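Quantities reported herein were computed from a predicted structural model and do not represent experimental measurements.
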Amino acid sequence: MIKKHFPLKKYGQNFLVNKNTIQDIVKIINPKIKQTLIEIGPGLAALTKPICELLEELIVIEVDPNLLFLLKRRSFYSKLIVFYQSALNFNYVDLFYKKKQLIRIFGNLPYNISTSLIILLFKQIRFIEDMNFMLQKEVAERLIAVPGNKSYGRLSIISQYYCNIKTLLNVRPEDFQPIPKVNSVFINLTPHVNSPYFVYDINVLSYVTKNAFQNRRKILRHNLKNLFSEKELIMLNIDSNLRAENISISQYCQLSNYLYKKSNTISKVN
């Protein structure tokens, strides 16, 4: 099957071919027959076929017309609902309202869109039951990183604000065709039911973290000098001499909520 399709670099295509790894992933996803599942980038149907066998229908999003042509020749094609478009432009909310249940999303994500796609999905998180993705190991490490870790940054904070994230499987480069130059990880992102974090406005949290991490070498009071005075940081029990990577998610939420209230107060006065 692989010989019939030449992987396209512009789509970041690396196809999963190891049967044991495929079986492990299907067990991890554990689809139930009436659930609404969306596969992003079915590729050569390594996951599509076994998961399709466990469902009444499977929704797939594929941007490569050559792969769609191959998919149409498969025996299970009648079970598929196919969308020929980029996953970055797909309306996941509409699907939730059509199916009247939370959606589950999975896929071997192309490395070139993985971060952008995950951030997009966070904005629609209340319609999602869970997400199970194959990612480049470096991206996965950024998602799950904790304060003090060199991978900890804006993506870690925003991701963990929305979801509980678990690494489920380490996957070797040799499990793909063509063989990538990086290691991969299969992870689960499950939205918090009772979130340990709260912010009034997620956009403010995004803004604060953008400023905090604009120069990782600088200490916090320098990176946040346009948002908070040193006196305000001390009042919030934030050590202004620390770098951004040493501040916890809860502390970033605290900073964001303080800035939100301060901005609203200033707006009312003006």
Side-chain angles (χ1 to χ4, degrees), residues 28-30 35 92-93 96 101-106 109 114-133 135 137-170 185-214 216 219-221 223-224 227-228 232-264:
I28 287 168
I29 296 174
N30 190 25
Q35 288 180 330
Y92 300 88
V93 178
F96 165 80
Q101 64 175 328
L102 295 175
I103 57 179
R104 304 187 66 199
I105 306 172
F106 72 97
L109 296 190
S114 57
T115 303
S116 299
L117 179 61
I118 288 170
I119 290 171
L120 171 72
L121 291 170
F122 286 151
K123 294 176 181 177
Q124 302 169 64
I125 201 71
R126 66 192 182 98
F127 306 105
I128 297 171
E129 182 174 336
D130 73 345
M131 300 177 280
N132 293 280
F133 293 139
L135 298 172
K137 187 176 182 182
E138 181 186 350
V139 175
E141 286 174 345
R142 288 169 60 204
L143 290 172
I144 64 174
V146 296
N149 186 295
K150 65 179 181 179
S151 297
Y152 181 71
R154 291 187 70 208
L155 185 61
S156 319
I157 294 161
I158 300 301
S159 301
Q160 292 172 47
Y161 172 82
Y162 282 114
C163 293
N164 180 43
I165 308 170
K166 293 180 181 177
T167 297
L168 303 174
L169 200 64
N170 290 299
V185 174
F186 194 71
I187 68 164
N188 169 269
L189 300 97
T190 299
H192 295 300
V193 176
N194 297 303
S195 179
Y197 311 112
F198 168 77
V199 292
Y200 291 108
D201 187 339
I202 188 64
N203 294 315
V204 179
L205 177 62
S206 179
Y207 183 63
V208 169
T209 54
K210 180 181 179 180
N211 281 270
F213 285 92
Q214 64 184 333
R216 294 183 72 102
I219 59 176
L220 207 63
R221 76 167 180 266
N223 281 341
L224 295 181
L227 302 180
F228 305 95
E232 286 174 318
L233 292 174
I234 291 170
M235 181 187 71
L236 293 168
N237 292 316
I238 307 289
D239 187 342
S240 63
N241 292 311
L242 293 176
R243 290 178 177 172
E245 65 195 49
N246 300 116
I247 304 299
S248 71
I249 299 172
S250 294
Q251 287 175 307
Y252 277 114
C253 290
Q254 184 184 10
L255 287 168
S256 301
N257 289 333
Y258 179 82
L259 184 61
Y260 175 86
K261 289 179 179 179
K262 183 169 77 168
S263 299
N264 280 355

Inset, instruction - Report yes if the side chains of Y252 and V208 come closer than 4.5 Å at any heavy-atom pair, otherwise no. - result: yes
Legend entry - Any side-chain heavy-atom pair of I219 and D239 under 4.5 Å: no
Inset, instruction - To the nearest 0.5 angstrom, please state how far the CG atom of L259 sits from the CG atom of N211. - result: 9.0 Å
Legend entry - Approximate separation, where rounding is to 0.5 Å, of L233 CG and L220 CG: 6.0 Å
Inset, instruction - Check whether any side-chain heavy atom of E232 lies under 4.5 Å from a side-chain heavy atom of L227, and answer yes or no. - result: no
Inset, instruction - Report yes or no: does Q254 contribute a side-chain atom to a donor-acceptor pair with the main-chain N or O of L236 at less than 3.5 Å? - result: yes
Inset, instruction - Say whether N188 and N132, considering side chains only, have a donor N or O and an acceptor N or O under 3.5 Å apart. - result: yes
Legend entry - For I125 against M131, the heavy-atom pair lying closest together: CD1-CE, 3.8 Å
Inset, instruction - Compare every heavy atom of I247 with every heavy atom of P147, then report the nearest pair and how far apart it is. - result: CG-O, 4.0 Å
Inset, instruction - Please tell me if the side chains of I118 and L135 come closer than 4.5 Å, counting only heavy atoms from C-beta onward. - result: yes
Inset, instruction - Taking all non-hydrogen atoms of both residues into account, name the closest pair between I202 and I158 and its distance. - result: CD1-CD1, 4.3 Å
Inset, instruction - Determine whether S206 and R154 make a side-chain contact, defined as any pair of heavy atoms from C-beta on separated by less than 4.5 Å. - result: yes
Inset, instruction - Using atom types as modelled and distance alone, determine if a side-chain donor or acceptor of Q160 lies under 3.5 Å from a backbone N or O of L143. - result: yes
Inset, instruction - For the pair F213 and Y152, name the ring-plane relationship: parallel under 30°, tilted 30 to 60°, perpendicular over 60°. - result: perpendicular
Inset, instruction - Looking only at non-hydrogen atoms, find the nearest pair between Q214 and N223 and report the distance. - result: NE2-O, 3.0 Å
Legend entry - Residue pair N149 / E245, side-chain heavy-atom distance below 4.5 Å: no
Legend entry - Pairing residues for Y92 by the ring-ring contact (aromatic ring centres under 6.0 Å, His included) criterion, not counting sequence neighbours: F90
Inset, instruction - State, with a plain yes or no, whether a side-chain heavy atom of F122 is found less than 4.5 Å away from one of S159. - result: yes
Inset, instruction - Provide the closest heavy-atom pair for K150 versus R216 in the form atom of the first, atom of the second, distance. - result: O-NH2, 3.2 Å
Inset, instruction - Determine the interplanar angle of the H192 and Y197 rings, folded into 0 to 90°, and report it as parallel if under 30°, tilted if 30 to 60°, perpendicular if over 60°. - result: perpendicular
Inset, instruction - Work out which heavy atom in I128 is nearest to a heavy atom in L121; give both atom names and the distance. - result: CD1-O, 3.7 Å
